[in-house]
Amino acid sequence: MDRYIEKIRQAMPDGDIWIKESTYAQTEGLRAIYATAAEKECLIVDGCKAFLFEGETVNGIKICPLNHINRLALNMEIGYTRPQSIGAETASFGCGDRLGLANEGQLAAVRRTRVKPVLAQQSLRELDLTGRSYDDVIDAASWAVFKAGYREGYGADGDHLKTKQEVEAALEHGCSMITLDCSDVLREPPVQAEALSRAYDQIPDKKRLILEEEYRNLPHAASIGVTYTRQTWMEVLVTYLDALELAEEIYVELIRSRGRRIDYEISLDETAHTTSAAAHYFVARELKKRHVRISSIAPKFIGEFQKGIDYIGDTEDFRRNLRMHCKVAACFGHKVSIHSGSDKFKVFPVIADETKGLFHVKTSGTSWLEAVRVIAGSSPDLYRRMHRKALEHLDEARSYYEVNCDMSAVRPLDTAADDELPAYIEQVDSRQLMHITYGILLNDTEMHDAIYEFLKKNEKIYEMQVKRHMEKHLKSLGCL
Ligand SMILES: [Zn+2]
């Protein structure tokens, strides 16, 4: 490395260069390091594979911008910069970064733990609302990993995908994790007994009778406390059979054939009903029978997991509920995944206990809120503009996200002094207001540019803030 750094210094004798030595990476035919030259971020490469990168050659070294093409080349040559499967045996944490500026702060928090980060994690809804693409999101994560010199591996999650086309697109762009959102194929079981029987009888005999026979007597399930009454059995079959078929089809057609390991998560959480242990057991057992390899299942838990605020419900009820899901997951060797995990401090210790530290927790909007917090603290005018715009468009944002957020509980903006603005991020209703309106704020070009300009100028403060907030999550989850 020293010789390489010496070579760079000789090539740039005017001293207008700062080199981050911890990012140095070497592989056959390539040496690469992160630097800033004339205050511009760059990747400096040399070696016979330098031709793969786009950039300017100066005295035998190549100075390359941190763009998409160079990210792809870096991914190809330096393995740890590429999203990769984390597997079912390692705890993982979905970071999500709506702005593409939070990954470094997230990495700074995670690198002190045994938890692997899923740095890129976007649903199509989030991509749409932020006007970003999978490429943008994975570019940001790859560069952050390289700049941080983080070599432990990270994931990229095509989150809440519902169709084959969506999964295919996410995989094409390099996602290492697929979260299949089954909500479109989860059927709502009829409440009335007769209607339930009718729905049940409509399932083709061939399938229904075989399964009935199999599940009539399952000592294994009973041994962990999972039993099927006639009614729960009918409900489970009516609700989950179509979801199973979709999960299998996608696995067989798109995932297994890919030739690389993919973390496959089955999400059952975007529905009105809590997922019973009997349902979880059925889905997991059927997937195993069909040789569908999954890394996690996300049940819908008891209580409410609303965006950006703490858990609503009884913590002990949640503990009992989670305990059953963990028992089922342990039987089949996958992780329990907890969605909308931002700021659920009341239940994090329960999650740590019951999963014995083996979990997948997804957060997404919380690093955006940290950005809003920094803005509220240092740029009152910008915060006021954002707050007003968010209020104007609250109804629109509510159509994407289900939240309580009661605006009558929010202090009118014109009564708050500048130094009181950060309090809006603490108060749950205004917190949710800013949490769910990110798409509206970022789609307003003028506001978008003002937000980015501010955060880029205050990059280090934002990074520290994200790190602090992520550490709070990880500490509460027993990882720090
Ligand atoms: Zn979800």
Side-chain angles (χ1 to χ4, degrees), residues 84-95 106 109-118 121 152-155 157 176-177 179 219-227 261 263-269 274-285 287-288 293-303 305 310-311 313-363 366 470-480:
Q84 51 195 262
S85 149
I86 291 170
E89 270 119 51
T90 306
S92 43
F93 193 85
C95 298
Q106 292 162 342
V110 162
R111 73 184 315 159
R112 295 173 50 208
T113 72
R114 55 181 173 74
V115 173
K116 291 275 175 77
V118 177
Q121 171 204 280
E152 310 302 316
Y154 75 97
D157 182 5
S176 60
M177 174 170 178
T179 298
H220 177 252
S223 72
I224 57 160
V226 173
T227 50
R261 287 281 297 268
D263 292 322
Y264 190 26
E265 172 164 312
I266 308 298
S267 133
L268 308 172
D269 69 309
T274 52
T275 313
S276 64
H280 186 168
Y281 190 96
F282 173 74
V283 170
R285 186 173 184 274
L287 289 173
K288 190 147 214 165
R293 194 170 173 165
I294 57 165
S295 60
S296 45
I297 287 187
K300 163 107 175 170
F301 294 103
I302 204 162
F305 280 74
D310 214 326
Y311 176 73
D314 184 282
T315 313
E316 282 312 303
D317 285 347
F318 174 72
R319 182 187 290 280
R320 277 188 289 276
N321 186 223
L322 177 62
R323 183 170 296 169
M324 280 308 294
H325 286 299
C326 290
K327 278 188 188 176
V328 176
C331 288
F332 295 98
H334 59 265
K335 293 183 278 195
V336 172
S337 174
I338 294 110
H339 288 195
S340 301
S342 293
D343 307 283
K344 300 298 179 289
F345 296 105
K346 251 163 59 179
V347 291
F348 283 154
V350 178
I351 293 171
D353 268 8
E354 297 300 327
T355 62
K356 299 188 178 69
L358 186 58
F359 51 72
H360 182 60
V361 169
K362 291 196 192 198
T363 65
T366 200
M470 279 292 119
E471 281 177 345
K472 199 172 154 199
H473 280 69
L474 292 163
K475 197 165 182 200
S476 185
L477 280 163
C479 307
L480 263 176

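Remember, predicted model here, so these are calculated numbers, not experimental data.
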Subject >> Heavy-atom pair with the smallest gap, counting every atom of V361 and F359 >> reply: CG2-CD1, 3.6 Å

Subject >> By side-chain contact (heavy atoms from CB on, under 4.5 Å) - contacts of A284 (at least two apart) >> reply: H280, I297, F332, H334

Original post:
Hey, is the main chain of V347 close enough, under 3.5 Å, to the side chain of T315 for a donor-acceptor pair?
Top reply: no

**OP:** Could you tell me which residues satisfy side-chain contact (heavy atoms from CB on, under 4.5 Å) with D263, sequence neighbours excluded, listed by chain and number?
**Re:** S85, I86, M177, S295

**OP:** For S342, enumerate each residue passing the side-chain contact (heavy atoms from CB on, under 4.5 Å) test, keeping only those at least two apart in sequence or located in another chain.
**Re:** T363, T366

**OP:** Please list, chain by chain and in numerical order, all residues satisfying salt bridge (charged side-chain N to carboxylate O under 4.0 Å, His left out) with K335, sequence neighbours excluded.
**Re:** none

**OP:** Please collect all salt bridge (Lys or Arg N to Asp or Glu O under 4.0 Å) contacts where either partner lies in residues 338-347, sequence neighbours excluded, each pair once.
**Re:** D343-R431

**OP:** Measure the spacing between CG of D157 and OH of Y154 and express it to the nearest 0.5 Å.
**Re:** 13.0 Å

**OP:** For F282, enumerate each residue passing the ring pair (Phe, Tyr, Trp, His ring centres under 6.0 Å) test, keeping only those at least two apart in sequence or located in another chain.
**Re:** Y215, W233

Original post:
What's the spacing between K116 NZ and F93 CZ if we round to 0.5 Å?
Top reply: 16.0 Å

**OP:** Quick one: list whatever passes salt bridge (charged side-chain N to carboxylate O under 4.0 Å, His left out) with R293, sequence neighbours left out.
**Re:** none

Subject >> Side-chain touch V336/F301, heavy atoms, less than 4.5 angstrom >> reply: yes

Subject >> Pair D269-T275, side chain to side chain contact (heavy atoms under 4.5 Å, CB included): steps then yes or no >> reply: CA-CA 8 Å; D269 69 309; T275 313; over 6 Å; no

Original post:
Looking at residues at least two apart in the chain, or sitting in another chain, which of them share a salt bridge (charged side-chain N to carboxylate O under 4.0 Å, His left out) with D353?
Top reply: R319

Original post:
By side-chain contact (heavy atoms from CB on, under 4.5 Å), which residues pair with C331, not counting sequence neighbours?
Top reply: H220, I224

Original post:
Could you give the distance from CG (L474) to CD (Q106), rounded to the nearest 0.5 Å?
Top reply: 10.0 Å

Original post:
For G357 and R114, which heavy atoms make the closest approach, and how far apart are they?
Top reply: O-NH1, 3.3 Å

**OP:** Output all residues satisfying salt bridge (charged side-chain N to carboxylate O under 4.0 Å, His left out) with D317, sequence neighbours left out; order by chain, then residue number.
**Re:** R320

Original post:
For H473, which residues count as a ring pair (Phe, Tyr, Trp, His ring centres under 6.0 Å) partner, sequence neighbours excluded?
Top reply: F345, F348, H469

Original post:
Are T179 and K362 side-chain neighbours, meaning at least one heavy-atom pair lies under 4.5 Å?
Top reply: yes

Original post:
Of the non-hydrogen atoms in V226 and A278, which two are nearest, and what is the gap between them?
Top reply: CG1-CA, 3.6 Å

**OP:** Can you measure from CE (M470) to CG (L480) and round to the nearest 0.5 angstrom?
**Re:** 12.0 Å

Original post:
How close do V110 and P117 get, heavy atom to heavy atom, and via which atoms?
Top reply: CG1-CD, 3.7 Å

Subject >> Contacts of S340 that satisfy side chain to side chain donor-acceptor pair (under 3.5 Å) - sequence neighbours left out >> reply: K307

Subject >> Heavy-atom pair of closest approach, residues A109 and E471 >> reply: CB-CG, 3.6 Å

Original post:
What is the minimum heavy-atom distance between M324 and G225, and which atoms define it?
Top reply: CE-O, 3.8 Å

Original post:
Are N321 and T274 close enough, and set up right, to give a side chain to side chain contact (heavy atoms under 4.5 Å, CB included), and what steps lead you there?
Top reply: CA-CA 10 Å; N321 186 223; T274 52; 5.5 Å; no

